[in-house]
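These notes concern the structure reproduced below.
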Amino acid sequence: QVQLVESGGGLVQAGGSLRLSCAASGSILSLNAMGWYRQTPGKQRELVASLTRGGSTNYVDSVKGRFTISRDNAKNTVYLQMNSLKPEDTAVYYCNAEVVVTSTSSVYHYWGQGTQVTVSS
């Protein structure tokens with residue numbers, strides 16, 4: 001059993017910053033890629049940023065230069081630093097992790113419960 005717990009969402013004015021955290025716990029042998037997705041009502045969930053264990057990053061064009069993804073492998077935690085926030089960044093943000101579980105060494109994808117980010121104009 002693996003759990004992803006997100007924190008750091010909230011309400012912020014346009015131009016402000018927030019930092020999201022996602023801590024993974026449970027039967028984890030190792031974490032491969034970790035990432036952040038977001039979803040608004042009526043739309044598909046979209047990838048915002050991802051980060052491999054080796055440090056390669058990928059960002060959706062709309063957040064490049066404003067958001068930074070990072071991870072602390074010792075803490076099994078991934079972060080998303082969001083600067084210069086815009087109203088269009090308003091969404092529920094979800095953490096995703098590719099986990100190698102201890103029992104079978106199989107690879108599974110897990111999701112966090114989501115955290116609301118609201119940016120007011």
Side-chain angles (χ1 to χ4, degrees):
Q1 187 77 3
V2 174
Q3 299 82 36
L4 301 182
V5 178
E6 298 139 344
S7 60
L11 173 64
V12 65
Q13 288 189 331
S17 299
L18 284 174
R19 189 192 194 208
L20 305 183
S21 300
C22 172
S25 63
S27 303
I28 300 169
L29 183 60
S30 66
L31 290 173
N32 295 337
M34 300 185 77
W36 290 94
Y37 290 70
R38 64 187 179 188
Q39 189 170 24
T40 54
K43 292 189 176 181
Q44 285 190 329
R45 194 172 294 186
E46 69 165 352
L47 175 66
V48 176
S50 64
L51 175 59
T52 68
R53 188 173 182 86
S56 297
T57 58
N58 182 44
Y59 295 93
V60 67
D61 286 345
S62 60
V63 309
K64 286 180 180 177
R66 300 188 297 121
F67 291 11
T68 303
I69 188 170
S70 62
R71 63 192 285 173
D72 184 334
N73 291 328
K75 295 182 179 180
N76 288 338
T77 300
V78 64
Y79 306 95
L80 186 67
Q81 178 66 45
M82 305 185 294
N83 299 329
S84 302
L85 282 161
K86 304 176 180 180
E88 50 263 43
D89 294 318
T90 296
V92 178
Y93 284 70
Y94 296 90
C95 172
N96 178 273
E98 185 179 87
V99 181
V100 182
V101 298
T102 55
S103 57
T104 63
S105 297
S106 298
V107 179
Y108 297 95
H109 282 266
Y110 290 90
W111 291 93
Q113 80 283 1
T115 185
Q116 177 70 46
V117 171
T118 303
V119 184
S120 63
S121 57

| query | Minimum heavy-atom separation for A24 to L4, with atom names? | reply | CB-CD2, 3.3 Å
| query | At their closest point, which heavy atom of H109 faces which heavy atom of N96, and how far apart are they? | reply | ND1-OD1, 3.4 Å
| request: Calculate, to the nearest 0.5 Å, the distance between atoms CZ and CG belonging to R38 and L47 respectively. | output: 10.0 Å
| message | Quick check on the hydrophobic clustering: are Y108 and I28 connected, directly or via other members, by side-chain heavy-atom contacts under 4.5 Å? | response | yes
| said: Return the CD to OG distance between Q13 and S121, rounded to the nearest 0.5 Å. | reply: 9.5 Å
| Would you say V63 and L80 are hydrophobically clustered, going by side-chain heavy atoms of ILVMFWY under 4.5 Å? | yes
| request: Nearest 0.5 Å please: distance from the CD atom of E6 over to the OG atom of S21. | output: 10.0 Å
| message | When you compare the side chain of L31 with that of N73, does any pair of heavy atoms fall below 4.5 Å? | response | no
| field | Close side-chain approach of N32 and S30, heavy atoms under 4.5 Å | value | yes
| task | Please answer: with hydrophobic residues joined when any side-chain heavy atoms are less than 4.5 Å apart, are V92 and I69 in the same cluster? | result | no
| task | Could you tell me which non-hydrogen atom of S17 sits nearest to which non-hydrogen atom of N83, and how far apart they are? | result | OG-OD1, 2.9 Å
| field | Shared hydrophobic cluster for F67 and Y79 (ILVMFWY, side-chain gaps under 4.5 Å) | value | no
| request: Find the distance between CZ (R19) and OG (S7) and round it off to the nearest 0.5 Å. | output: 9.5 Å
| request: Examine Y37 and V117 and state if one hydrophobic cluster contains both, with Ile, Leu, Val, Met, Phe, Trp and Tyr joined whenever side-chain heavy atoms are less than 4.5 Å apart. | output: no
| query | Can you find a heavy atom in the side chain of Q1 that is under 4.5 Å from one in the side chain of Q3? | reply | yes
| message | Given C95, which partner from the list T115, V78, V5 fulfils the side chain to side chain contact (heavy atoms under 4.5 Å, CB included) test? | response | V78
| query | What residues, two or more places apart in sequence or in another chain, satisfy salt bridge (Lys or Arg N to Asp or Glu O under 4.0 Å) together with R71? | reply | none
| field | Heavy-atom pair of closest approach, residues G8 and L18 | value | O-CD2, 3.8 Å
| Contact check, side chains of W36 and M82, non-hydrogen atoms, under 4.5 Å | no
| Does the side chain of V119 reach to within under 4.5 Å of the side chain of E88, using non-hydrogen atoms? | no
| Does some side-chain heavy atom of R45 sit less than 4.5 Å from a side-chain heavy atom of Y94? | yes
| task | Kindly compute the distance separating CD (E46) from OG (S62), expressed to the nearest 0.5 Å. | result | 5.5 Å
| request: Using a 4.5 Å cut-off on heavy atoms from C-beta on, say whether the side chain of R66 contacts that of D89. | output: yes
